[in-house]
Amino acid sequence: MPVARPETSDARVIVHVDMDCFYVQVEQRKQPELRGLPSAVVQYNEWQGGGLIAVSYEARKCGVKRSMRGDEAKAACPQIQLVQVPVARGKADLNLYRSAGSEVVSILAKSGKCERASIDEVYLDLTDAAESMLADAPPESLELIDEEVLKSHILGMNREDGDDFKESVRNWICREDADRRDKLLSCGIIIVAELRKQVLKETEFTCSAGIAHNKMLAKLASGMNKPAQQTVVPYAAVQELLSSLPIKKMKQLGGKLGTSLQTDLGVDTVGDLLQFSETKLQEHYGVNTGTWLWNIARGISGEEVQGRLLPKSHGSGKTFPGPRALKSLSTVQHWLNQLSEELSERLGSDLEQNKRIASTLTLHASAFRSKDSDSHKKFPSKSCPMRYGVTKIQEDAFNLFQAALREYMGSFGIKPQGNKLETWRITGLSVSASKIVDIPSGTSSIMRYFQSQPTVPSRSADGCVQGNVAMTASASEGCSEQRSTETQAAMPEVDTGVTYTLPNFENQDKDIDLVSEKDVVSCPSNEATDVSTQSESNKGTQTKRIGRKMNNSKEKNRGMPSIVDIFKNYNATPPSKQETQEDSTVSSASKRAKLSSSSHNSQVNQEVEESRETDWGYKTDEIDQSVFDELPVEIQRELRSFLRTNKQFNTGKSKGDGSTSSIAHYFPPLNR
DNA sequence: ACGGCTCAAACC
DNA sequence: TGGTTTGAG
């Protein structure tokens, strides 16, 4: 739960931008014939017409609702146009929508601190811009006010008799006797109207926006008048707005906590919360949540807009409901391969576009066992250090799965023998990559090293699982004594043509050795290597091998910094700069923010504080030798020189300054 | 054991 | 920490 700021006077200008039925709009842009028609986006139309994930406003008027099935939608609204989500590798592919969302973000991010809250939602902190406008060209000085501004909804606004709506809005915005906070909001209104027009012009997407003094209120407001409108919450309107607002409408209270408030405390509206003392709420829900509740009842929320334009993790998953549940290890492996492919591809794009690498791979699965009481026990998640390259991700994911499966079965008291009819089913699989850090600029060979790991499998190896599933140092730890027969027995193969071979644990050491050598080594020393060519020939690469032999699986990485740890540390710069590429000047507002709020990046900040800001960089000799040894010598050299010089430009994120374009020259795009 | 697929964050 | 849980769109 976000820690609320005790401050009562919050003069920030916070905006929540929400795209209108976003997926539909994306499809309508692609297929303009659909514009204005009742339409919806569905995924997987095999079963009952597929599930709706976005519904146009025309279709909503016909009574079509999200979370209807395609067939129901057709019944409710026969003229409805159903568009399918693209499918790749047998699963829904959301990349189209993701990149459309990025288009929007990159426009909005120019206006102030920007947080990408979801694929189609953004928070903005426009305090600085609003203050500037108020100083330079306050609304009351403007003779012409844009039409879009005049269409704004202002909560609690007194509509004077005789005036039409737009006149009232104009008067409110331009009135000179307004509170300073209202004047800031007025500036926000004008700026946001302009931003929304710009988004429409450059992306063809409409959006709605809420403008208020904090995120909570802005979010509430953005949903009040849709589509393509904006709503403002002046300070004076807060109490009335909240007093009658159903408690479950509040963000974070839509789930169990909200239900508990209703049933345990008899709280139905946010206003009802006002009766309870802070300590009372803390008794029920703990100190943090209690204080948070006490504050939001009063419209107080100190949550900062995070300066973050990019996601902190990437995931690829699929569910296998009911009869489709996976019954064999080989089908699990098949799907993990598909999911890993997608993940790898997205990691490749992230590396290419944002120069970031992920450092942790996590596998999630859900399982059940039919005909048993304890049937739905949690299937454990497992993670391991991230290695780049499709096949490595596939191997690691599969090994993680097997480790988790063993643990899962163990918790039931497994029967190593047969039991073929006691069937386990896998109903969901997902792989995700997290702990993503920036790669510092000026380390081109490091970049190339990661890019040299193919993100998609070469044609020849595509689809089929090749011979032996090699154990890897990263994912096989912790299940080293696993017997293959156990796994085999628990997940008998039944239903696919895909063949696989179980990991050969006997020769584990050899396998690791082979894999790690082949994998670690392949970094071309010449500069003009085409990435695609390189990927194809990856296997046969005649690279000289460098690096430590990892022929002992017990030799763990624990305690030794890895290459990504170095980047992580590099990224943990003193909090003088926001995480976006924005070149924002440090404003009085952000100074204020720093003083009064405890940052969410506490761990990062702590590290920084402990190691002192002036001394945050690694010294070369502080890095474990084995870290270097893992890498091709060329990278070792570059890394060394990077570490030597980075203190001179330790302002944090690699700054643009023209080096960006030369970087782009160094890194040709991957082929898909 | 159908809403599928993502994400973030708190918690322990 | 990693893993779990919750909540959101």
Side-chain angles (χ1 to χ4, degrees), chain A residues 1-3 16 18-19 21-23 41-54 65-70 72 85 87 91-95 97-98 101 115-123 219 222-223 248-260 285-289 292 303 306 308 310-325 339 342-343 346 360-371 375-385 400 403-404 407 425-436 478 558-559 600-603:
Chain A
M1 207 69 21
V3 178
H16 181 253
D18 196 351
M19 305 308 293
C21 56
F22 189 48
Y23 291 12
V41 175
V42 297
Q43 58 189 1
Y44 303 136
N45 73 7
E46 292 306 314
W47 193 70
Q48 300 190 9
L52 271 59
I53 55 177
K65 296 204 229 165
R66 210 180 15 243
S67 116
M68 267 180 165
R69 298 254 115 204
E72 306 174 61
V85 173
V87 171
K91 66 179 292 298
D93 178 6
L94 305 180
N95 280 325
Y97 313 115
R98 266 191 278 263
E115 172 183 338
R116 180 175 180 158
S118 80
I119 201 168
D120 69 339
E121 280 179 297
V122 159
Y123 286 99
K219 164 82 178 158
S222 70
K248 304 208 80 174
K249 295 272 188 192
M250 290 284 314
K251 193 180 166 191
Q252 303 288 309
L253 297 182
K256 296 185 177 181
L257 181 53
T259 304
S260 165
Y285 301 107
V287 274
N288 285 339
T289 306
W292 180 80
E303 239 186 306
Q306 317 263 116
R308 200 194 69 239
L310 301 172
K312 304 171 88 169
S313 66
H314 297 290
S316 174
K318 181 169 175 60
T319 56
F320 307 96
R324 303 200 194 182
L339 299 175
E342 187 194 323
L343 181 60
R346 283 164 58 191
T360 300
L361 176 71
T362 306
L363 174 127
H364 298 275
S366 48
F368 76 94
R369 164 164 91 161
S370 65
K371 72 161 35 169
S375 148
H376 67 62
K377 196 167 229 210
K378 307 276 159 208
F379 198 91
S381 300
K382 291 289 163 207
S383 58
C384 71
L400 289 173
E407 190 175 312
R425 309 259 154 128
I426 297 299
T427 55
L429 285 175
S430 90
V431 293
S432 54
S434 60
K435 301 198 178 136
I436 303 180
R558 197 175 320 238
H600 286 187
N601 308 331
S602 53
Q603 44 181 4

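All chains are named by letter (A, B, ...) in the order of the sequence lines, taking the proteins before the strands, and each is independently numbered beginning at 1.
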Taking the minimum atom-to-atom distance to the side chain of [X], which one of [options] wins?
X         : options                : value
Thr427(A) : dA9(B), dT6(B), dA1(B) : dA1(B)
Lys91(A)  : dT6(B), dG4(B), dC7(B) : dT6(B)
Lys219(A) : dC5(B), dT6(B), dG9(C) : dG9(C)
Ala92(A)  : dA8(C), dA8(B), dC5(B) : dC5(B)
Arg98(A)  : dT5(C), dG4(B), dC7(B) : dC7(B)
Glu342(A) : dT6(B), dA8(C), dC7(B) : dT6(B)

Sugar-phosphate, base or nothing in reach of [X], heavy atoms under 4.0 Å:
X         : result
Asp120(A) : sugar-phosphate
Lys65(A)  : nothing
Pro323(A) : nothing

Measuring to OP1 and OP2 of [N], would you say a side-chain N or O of [X] lies under 4.0 angstrom away?
X         : N       : value
Arg324(A) : dG4(B)  : no
Thr289(A) : dA10(B) : no
Lys312(A) : dA8(B)  : no
Tyr44(A)  : dC2(B)  : no

Without decimals, in angstroms, what is the distance between [X] [atom1] and [N] [atom2]?
X         : N       : atom1 : atom2 : result
Leu257(A) : dA10(B) : CG    : C1'   : 12 Å
Leu361(A) : dG2(C)  : CG    : P     : 12 Å
Trp47(A)  : dA1(B)  : CH2   : P     : 14 Å

- Message: Does either side chain, that of Ser366(A) or that of Thr427(A), offer a donor lying less than 3.5 Å from an acceptor on the other one?
- Response: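 Indeed, the side chains of Ser366(A) and Thr427(A) share at least one donor-acceptor pair under 3.5 Å.
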
- Any side-chain donor paired with an acceptor under 3.5 Å for Lys435(A) and Ser313(A)?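 Side-chain D/A pair, Lys435(A) to Ser313(A): absent.
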
- With a cut-off of under 6.0 Å to the ring centre and 45° to the axis, is Lys256(A) in cation-pi contact with Tyr285(A)?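 No, Lys256(A) does not sit over the ring of Tyr285(A).
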
- Gap in Å between the two P atoms, one belonging to dA1(B) and one to dG9(C), rounded: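 That atom pair is separated by 27 Å.
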
- Message: In whole Å, measure the gap between the C1' atoms of dA9(B) and dT1(C) for me.
- Response: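 My reading of the C1' atoms in dA9(B) and dT1(C) gives 16 Å.
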
- Going through the checks in order, is the side chain to side chain contact (heavy atoms under 4.5 Å, CB included) test met by Lys219(A) and Glu121(A)? CA-CA 10 Å; Lys219(A) 164 82 178 158; Glu121(A) 280 179 297; 2.6 Å; yes

